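In listed order, ligands and their atoms are each counted from 1. A quick note: this is a predicted structure, and the numbers were derived from the prediction, not measured.
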Amino acid sequence: MKKEKVLVIGGSSGIGLATAQRLTRETYSVVITARTRARVDQALGRIGGAASGQILDYGDPAGIAAAFAQIGAFDHLLLAGAGPAAWGAFAELSRDALQAAFASKFWGYFDTLQAALPTLADRGSIVLVGGAAARITLPGTAGLAAVNGAIERMGLTLAKELAPRRVNVLSPGLVDTPAYDWMAPEARRGMLEGTAAKLPVQRYGTAEDIAEAVLFLVRSSYVTGAVLDVDGGARLG
Ligand SMILES: NC(=O)c1ccc[n+]([C@@H]2O[C@H](COP(=O)([O-])OP(=O)(O)OC[C@H]3O[C@@H](n4cnc5c(N)ncnc54)[C@H](OP(=O)(O)O)[C@@H]3O)[C@@H](O)[C@H]2O)c1
């Protein structure tokens, strides 16, 4: 049987990498992307299985087109790549930081998704990784809420507009990934454990938790227009 092909944007780290690993253990072939060849190759070494890679950087529209020309036809698209997020109290939130976050995550998803449509299977699917900041009201995350809220709302409209392709949004809560490598180890541990203590599940998320949920969305052919919260219950307040 021919394996379905999943394109994982941002497959070199964190959620994207864990998903690529999970999918190759099932009946999928995977193409991952990262911004450099070195990052692609490093990730492929950690995935094994039926995976290949392409360079794709949201900041390089010509490069995005070139990547899709190389990738050819595929069945499912996971958008999981993002640069730095715009954290901080609204009163001090820098316009430049928020614009950079939109440029990386929102416009990156937008450009990549538009470029993907000609080669994405008619009965294929799209998973947009949003973020719990758009689902809860947590002071200090207005910038994250704006970017992820835009992606979430756009995704739901696309579930109708791009049908019969399926479009779903996966909304992670706090997940320990290299996205937090910039933090001092003590502060990182404090954030993770402090959050875990307040969650119904009493732990923070792992990239593997999210990978499991992506797998569900990819193979569930009756699910579209869903926002799947994988957040340990954070949205319950
Ligand atoms: N971790 C969390 O707590 C959390 C919570 C809610 C939502 N999310 C969302 O989950 C998604 C994945 O996050 P993560 O935690 O797994 O992050 P991560 O470990 O930092 O991985 C980020 C990925 O994005 C790629 N990337 C960065 N800038 C890019 C650009 N300009 N163009 C294309 N690709 C780029 C990176 O590739 P390189 O190898 O080239 O750097 C890497 O593969 C993001 O959309 C994030 O907003 C995460």
request  = Linking directly or through intermediates, with side-chain heavy atoms under 4.5 Å: list the remaining ILVMFWY members grouped with Leu199, chain and number order.
outcome  = Val201

Separation between CD1 of Ile210 and CG of Leu215, rounded to the nearest 0.5 Å = 13.0 Å

note = From the list Leu78, Leu113, Leu56, Val129, side chain to side chain contact (heavy atoms under 4.5 Å, CB included) partner of Ile9 resolves to Leu56

request  = State whether the side chain of Asp75 and the backbone N or O of Val6 hold a donor-acceptor pair below 3.5 Å, judged by distance alone.
outcome  = no

message = Using modelled atom types and a 3.5 Å cut-off, is there a donor and acceptor pairing between side-chain atoms of Arg39 and backbone atoms of Ser13?
response = no

Short N or O contacts of ligand 1 with protein, under 3.5 Å, listed by atom name?
from     : atom 1 : to     : atom 2 : distance (Å)
ligand 1 : 1 (N)  : Val175 : O      : 3.0
ligand 1 : 1 (N)  : Thr177 : OG1    : 3.4
ligand 1 : 3 (O)  : Val175 : N      : 2.9
ligand 1 : 3 (O)  : Val175 : O      : 3.2
ligand 1 : 3 (O)  : Tyr180 : OH     : 2.7
ligand 1 : 15 (O) : Thr177 : OG1    : 2.6
ligand 1 : 16 (O) : Ile15  : N      : 2.8
ligand 1 : 19 (O) : Ser13  : OG     : 2.6
ligand 1 : 19 (O) : Gly14  : N      : 3.4
ligand 1 : 24 (O) : Ala82  : N      : 3.1
ligand 1 : 31 (N) : Asp57  : OD1    : 3.2
ligand 1 : 32 (N) : Tyr58  : N      : 2.9
ligand 1 : 37 (O) : Ser12  : OG     : 3.2
ligand 1 : 39 (O) : Ser12  : OG     : 2.5
ligand 1 : 39 (O) : Arg39  : NE     : 2.6
ligand 1 : 39 (O) : Arg39  : NH2    : 3.1
ligand 1 : 40 (O) : Arg35  : N      : 2.8
ligand 1 : 40 (O) : Arg35  : NE     : 3.0
ligand 1 : 41 (O) : Arg35  : NH2    : 2.7
ligand 1 : 43 (O) : Gly10  : O      : 3.2
ligand 1 : 43 (O) : Ser12  : N      : 3.4
ligand 1 : 43 (O) : Ser12  : OG     : 2.7
ligand 1 : 45 (O) : Lys105 : NZ     : 2.9
ligand 1 : 45 (O) : Tyr109 : OH     : 3.1
ligand 1 : 47 (O) : Lys105 : NZ     : 2.8

message = Does Tyr204 form a side-chain contact (heavy atoms from CB on, under 4.5 Å) with Met191? I'd like the steps, not just the answer.
response = CA-CA 10 Å; Tyr204 53 82; Met191 174 190 74; over 6 Å; no

